[in-house]
2 protein chains.
Amino acid sequence: MITDADCPSGGIEIVREVFNRIGDKWSLIVIRTLDAGPQRFTALRHSIPGISQRMLTLTLRQLERDGLVSRTIYGEVPPRVEYALTELGETIVPPVIALATWAFAHERDITANRDRYDAEHFAEEAG
Amino acid sequence: MITDADCPSGGIEIVREVFNRIGDKWSLIVIRTLDAGPQRFTALRHSIPGISQRMLTLTLRQLERDGLVSRTIYGEVPPRVEYALTELGETIVPPVIALATWAFAHERDITANRDRYDAEHFAEEAG
DNA sequence: CAGGATCCTGGTAGATACTG
DNA sequence: CAGTATCTACCAGGATCCTG
């Protein structure tokens, strides 16, 4: 699988970083939303129920810093800022889909496993 | 990409959960290590430099709870406990590889983007 | 409209000590 | 050998207030 050959410099760190970035609470859904097309800040907020303005800003900043998302400011009044996936950002979408698809496909398995594990280890049924 | 068609129940939560689980500090490397073959607790510790006994335990418990890892206890003295990927655990490996490969392939891009971003936003060079 | 600054909370992770 | 228990530190994330 992830052999040392894939990791010549001895650092698997970048992988953790990437998984961590898109594994946080909002990045994944932001990427998903932007994959449908560029969006303004407020549009994004509305597209993503439950996200706070702070977390949307932070998430976008992180994605922008990594070069996955671009930020375009239009010097207008009122202000207009548009976010979009960069080319790099678009390249991450397929592997993300792959893992997301796995998650959907095995949601029931995982849930069942968790239920069983919890039952065995906390034995509420006192079986 | 991740369309609503993939997500009929309206919950993208499971995806976040999965990304979160393997995106934490140790799960990914534990999966990677176990993918090479079953390992005992102490062997895992030695295979994963820097991990604390506590975090190894916690990580294994989480993976076990989700059904990705199995735990086999041999009632011997001294104790012997062997961990291995389950069938479900093995199925997650390919999509994980896909994303890991992406991360490796774009490590330089990401690093460069970060450097540029930091330079632009903190402008230490006062360019 | 877009987002910075501040305060607060809970979960993740490390260090250490103890146990069957 | 393979853990559990406890204590602490840090960071992600939420709520709120303020600004260009």
Side-chain angles (χ1 to χ4, degrees), chain A residues 12-13 16-31 33-34 38-66 69-84 114 117 120-122, chain B residues 12-13 16-30 33-34 38-66 69-84 117-118 120-123:
Chain A
I12 201 174
E13 312 254 323
R16 264 220 313 106
E17 284 180 41
V18 168
F19 275 81
N20 229 309
R21 174 69 51 239
I22 58 175
D24 71 7
K25 189 160 184 177
W26 300 110
S27 292
L28 188 66
I29 200 170
V30 166
I31 290 174
T33 305
L34 288 180
Q39 298 253 353
R40 301 175 58 176
F41 189 86
T42 302
L44 274 171
R45 275 196 75 172
H46 293 159
S47 299
I48 306 174
I51 196 170
S52 64
Q53 150 264 51
R54 175 182 131 89
M55 287 318 297
L56 179 54
T57 299
L58 282 181
T59 301
L60 288 168
R61 289 293 170 278
Q62 314 243 48
L63 293 172
E64 188 194 357
R65 192 169 101 101
D66 285 357
V69 160
S70 66
R71 177 168 175 266
T72 309
I73 307 171
Y74 299 90
E76 303 172 356
V77 177
R80 189 157 75 95
V81 178
E82 207 166 72
Y83 292 91
R114 298 218 266 239
Y117 184 94
E120 287 174 10
H121 288 257
F122 305 107
Chain B
I12 200 176
E13 312 255 324
R16 264 219 316 104
E17 284 180 42
V18 169
F19 275 81
N20 230 307
R21 174 70 50 239
I22 58 174
D24 71 6
K25 189 159 184 178
W26 301 109
S27 293
L28 188 67
I29 199 169
V30 166
T33 304
L34 288 180
Q39 298 252 355
R40 301 175 60 177
F41 188 86
T42 302
L44 273 172
R45 275 196 75 173
H46 294 160
S47 298
I48 306 174
I51 196 171
S52 66
Q53 136 270 58
R54 176 183 132 89
M55 288 318 297
L56 179 55
T57 299
L58 282 181
T59 302
L60 287 168
R61 289 291 170 280
Q62 314 242 49
L63 293 173
E64 189 194 355
R65 191 170 103 100
D66 285 357
V69 160
S70 66
R71 177 167 175 266
T72 309
I73 307 172
Y74 299 90
E76 304 172 357
V77 177
R80 190 156 76 96
V81 179
E82 207 166 73
Y83 292 92
Y117 183 93
D118 292 346
E120 286 173 10
H121 288 258
F122 304 107

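From a predicted model like this one, the values you see are computed outputs, not experimental measurements. Below, read A as the first sequence line, B as the second, and so on, with proteins coming before strands; counting in each chain starts at 1.
In the set D/dG13, C/dG3, D/dA5, the nucleotide with an atom closest to the side chain of B/Gln53 is D/dA5. Comparing D/dG14, C/dA13, C/dG3 by their nearest atom to the side chain of B/Lys25 picks out C/dA13. The side chain of A/Trp26 approaches D/dG14 more closely than any other nucleotide in the set D/dG14, C/dA2, C/dG14. Checking C/dA2, D/dA15, C/dG4 against every side-chain atom of A/Val81, the shortest atom distance belongs to C/dA2. For A/Arg40, taking side-chain heavy atoms from C-beta onward, the closest of the listed nucleotides C/dG14, C/dG3, C/dC1 is C/dC1. Ranking D/dG14, C/dC1, D/dA2 by closeness to the A/Pro79 side chain, first place goes to C/dC1. The listed nucleotides are D/dT4, D/dC1, C/dA2; the one nearest the side chain of B/Thr57 is D/dT4.
Classification of A/Asp24 and B/Arg16 as a salt-bridged pair fails, no side-chain N sitting under 4.0 Å from a carboxylate O.
B/Tyr74 carries B/Arg80 over the face of its six-membered ring, with the cationic atom under 6.0 Å from the centre and within 45° of the normal.
Below the 3.5 angstrom threshold, one finds no donor paired with an acceptor across the side chain of A/Arg54 and the base of C/dG4.
Of the side-chain N and O atoms in B/Arg45, none sit less than 4.0 angstrom from OP1 or OP2 of D/dC1. Phosphate contact (OP1/OP2 of C/dG3, side-chain N/O of A/Tyr83, threshold under 4.0 Å): present.
In the helix from C/dC1-D/dG20 to C/dG20-D/dC1, the terminal helix axes, each the rotation mapping four pairs' C1' atoms onto the next four within five end pairs, subtend 40°, rounded to 10°.
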